[in-house]
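In the text below, chain A, chain B and the rest are named by the order of the sequence lines, each starting its count at 1. Worth knowing before you read on, the calculation uses all heavy atoms, side chains too, and leaves out hydrogens, waters and symmetry mates.
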There are 2 protein chains.
Amino acid sequence: MATINDVAKLAGVSKSTVSHVFNNTKFTSDGVKRRVLAAAKELNYKSNYYAKTLATNQSQVIGIQLDSPTGSLDMFQQKVINSILKICTEKEYYLLLMPNFSERHDYFPIDGLILMNPKIQDTQAVETPHIWLGRPSQAIIDTSYYVDNDNQAMMKQLTQLLLTKVKTGILFINAADDMTVSQDREKGFREALTDDTNYYHINYNRQISQAAFAYEVLNNMWPTHNLDTIIVDNDVMAQGVYKFATENQLNIPADLAVIAISESLEASEFFSPTLSCVDLKEAQLGETIATNLIHLINDVKIPKQATITTDIKIKDSLR
Amino acid sequence: MATINDVAKLAGVSKSTVSHVFNNTKFTSDGVKRRVLAAAKELNYKSNYYAKTLATNQSQVIGIQLDSPTGSLDMFQQKVINSILKICTEKEYYLLLMPNFSERHDYFPIDGLILMNPKIQDTQAVETPHIWLGRPSQAIIDTSYYVDNDNQAMMKQLTQLLLTKVKTGILFINAADDMTVSQDREKGFREALTDDTNYYHINYNRQISQAAFAYEVLNNMWPTHNLDTIIVDNDVMAQGVYKFATENQLNIPADLAVIAISESLEASEFFSPTLSCVDLKEAQLGETIATNLIHLINDVKIPKQATITTDIKIKDSLR
DNA sequence: CTGTTAGCGCTTTCAG
DNA sequence: CTGAAAGCGCTAACAG
């Protein structure tokens, strides 16, 4: 790899001049500029990122802390990451995946950090500029920036809407119980319930696949609980519900109305009947969080909190 | 942030001694070691990654080149990345996402590179140690390392298996035609066909969603082509097929047998009837490619090519 | 066993 | 307008 010295030599100028023409940090005569650029092209010169970073103390990398112990991403996260990546690239930032299970003894000095899926037990402070995706735990919420869906409001609205149709009982299969998002959605759910509602709420247990979990729950509860409406956390769970319905010759939505919150598969149209779901606007979440973080890094003021409004999409599984 | 100098001063030793105790690169007396470590802890010292990299010319980062112009990953890629990430973390490598639509003017000197989804037109040489996921184009195959599925063999075997059941006609909805994997699968498909097979082959056009594409193709061809068996590239396409079947009151598998090649949704059990598919062993692909690349970086000899054997899983959609 | 010192490649004063 | 030189924080000979 050619260095700045090689270019300087070839162009017959000094190191610093080369640096200046590349960074536009001082006026350079046209002739010099041309010579430098030509030399650079000839040698296929690209500035060494590490040397530059060391000198400037600006890494242009944004880290994304993955919460999963296995390093595995769910569909929701992937969609968000895709749109973060898009913004980062536009703004010339690198995106580094940082599984949190690695406690390294060296220190990759990122300019900013995105934290995914806050848990209720996440209470440690972070020194780098950072933004949470989702509501952080109460312990740190006052000092944190975050971007979140309107989970509680959405869930309340959704439940109220369903209650106009529920005849016998409603079941909500929520995400795992250590996530703040589950708490918020449960809160919204309960807010909407009336005194005489026959309702059930259960959290995903992470023991088996989501589809299998939904299937099992239904299998256990259906005979004895008099249900006719079910809200599941996502469309993968919905597949378990559909399977249960098919096997037990239940008609969706007549016998069992179903709606999924997160449409990760982009395939709700291809469920039969088509699956109602809530559009969480993953792309918008990602865009907002990345844009805000870059602002934060560059000392541009941003709001402590941004809310991305979801969109309830009623389809055949609910009519 | 505390530097190595601060630690040295506090511990009353020299810079290089500190460096040595941290890198275990020379024997240091127990007393010194303790003092240094204590000082480091007190100052919360972590070595500056960039300085270290500049000095050693070893970044400990592996880049992953995403082929998509939008930066979007499909499910197959995501699964593979997850398992790459797992290995990288174990081996203390960072993973950097590198969308190929970014032409930056600085140069992030990664130690190794993973290239996804080779296209037939990918013929440029790469200087960093790198491994392809999938077969690279003929132009560069002799000089490239790669890890791939046994696509051609699998497809031949699968087709032969289906031909024992096909009564009228077989349709293969393949991935996009500029991918080497599509070529290999098509080759295997054709190898298995006999003279009197009534077959059709079509590539995904990337214009509409995969599910919609499969649905449309079937919609157009079904009335006039006398089909009873269909192979689709993945389970998302299969959703389109199932929808078509439901709407036209076709029984799967009696009227239309279906098998998907890539099971990205992990939900084949939750199709009704359960969806036959080919297990591409994404985790194994990722693990192999990451492990091999790290070997390559460290001058450990590895085979030019590794093949991960797929597994055809027959379920109700084919019985 | 420990300290001195010369770089790694680049940026950035400061003189010319 | 251009160049010389110091320094970013660390590693790795080389001396002692």
Worksheet item: Which nucleotide, C:dG9, D:dT11, C:dT11, lies nearest any side-chain atom of A:N48?
Response: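 It is C:dG9.
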Worksheet item: Is A:M98 close to A:L113 at the side-chain level, that is, under 4.5 Å between some pair of heavy atoms?
Response: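 A side-chain contact under 4.5 Å exists here.
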Worksheet item: Heavy-atom distance under 4.5 Å between the side chains of B:I62 and B:I294, does that happen here?
Response: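 Contact flag for B:I62/B:I294 side chains = yes.
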Can you measure [X] atom [atom1] to [N] atom [atom2] for me and round it to whole angstrom units?
X     : N      : atom1 : atom2 : answer
B:L54 : D:dA12 : CG    : P     : 12 Å
B:N24 : D:dT11 : CG    : P     : 12 Å
A:Q60 : C:dC10 : CD    : P     : 17 Å
B:N5  : D:dG7  : CG    : P     : 12 Å
B:K52 : C:dC8  : NZ    : C1'   : 15 Å
A:Q58 : C:dC10 : CD    : C1'   : 15 Å
A:N57 : C:dT11 : CG    : P     : 14 Å

Discussion item. Does D:dT11 have its OP1 or OP2 closer than 4.0 Å to a side-chain nitrogen or oxygen of B:N23?
Written reply: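 Yes.
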Item to complete: Please determine if a side-chain N or O atom of A:Y49 lies less than 4.0 Å away from the OP1 or OP2 oxygen of C:dC8.
Response: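 Result: no.
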Worksheet item: So how far is it from A:L85 CG to A:L95 CG, rounded to the nearest 0.5 Å?
Response: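 With rounding to 0.5 Å, CG (A:L85) is 5.5 Å from CG (A:L95).
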Worksheet item: Roughly how far, to the nearest 0.5 Å, is the NZ atom of B:K9 from the NZ atom of B:K15?
Response: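 Here the interatomic distance stands at 11.0 Å.
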Fill in: Terminal axis angle for the helix from C:dC1-D:dG16 to C:dG16-D:dC1, five pairs an end, nearest 10 degrees
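That helix has its two terminal axes inclined by roughly 40°.
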Discussion item. Quick check on B:N5: does its CG atom have over 12 non-hydrogen neighbours (other residues, nucleotides or ligands) under 6.0 Å away?
Written reply: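 Check passes, neighbour count above 12.
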Fill in: Earlier contact from the 5' end, DNA chain D, for A:S29 and B:Y50
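The residue mapped nearer the 5' terminus is A:S29.
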Worksheet entry | Polar contact flag, side-chain donor to acceptor under 3.5 angstrom, B:T3-B:N48 |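 B:T3 vs B:N48: no donor-acceptor pair found between side chains.
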Discussion item. Quick one about B:D111 and B:S59 (side-chain donor to acceptor, distance below 3.5 Å, no hydrogens or angles considered), yes or no?
Written reply: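 Yes, B:D111 and B:S59 have a side-chain donor paired with an acceptor closer than 3.5 Å.
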Discussion item. Over 60° means perpendicular and under 30° means parallel, so tell me whether A:Y49 and B:F108 are parallel, tilted or perpendicular.
Written reply: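 Parallel: the ring planes of A:Y49 and B:F108 meet at under 30°.
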Worksheet entry | Within residues 7-21 of chain A: residues closer than 4.0 Å to DNA chain C (heavy atoms) |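 Heavy-atom cutoff 4.0 Å gives A:K15, A:S16, A:S19, A:H20.
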Identify each donor-acceptor pair in which a side-chain atom of residues 136-143 of chain B lies under 3.5 Å from a protein atom, sequence neighbours left out, and give them as a table.
from	atom 1	to	atom 2	distance (Å)
B:S137	OG	B:D122	O	2.7
B:T143	OG1	B:I140	O	3.1

Item to complete: Could you pick out which residue, B:K26 or B:T56, lies toward the 5' side of DNA chain C when each is mapped onto its nearest nucleotide?
Response: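 Mapping each residue to its closest nucleotide by heavy atoms, the 5'-most match is B:K26.
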Discussion item. What contact category does A:T28 fall into here, base, sugar-phosphate, or nothing, at under 4.0 angstrom with non-hydrogen atoms?
Written reply: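 Touches sugar-phosphate only.
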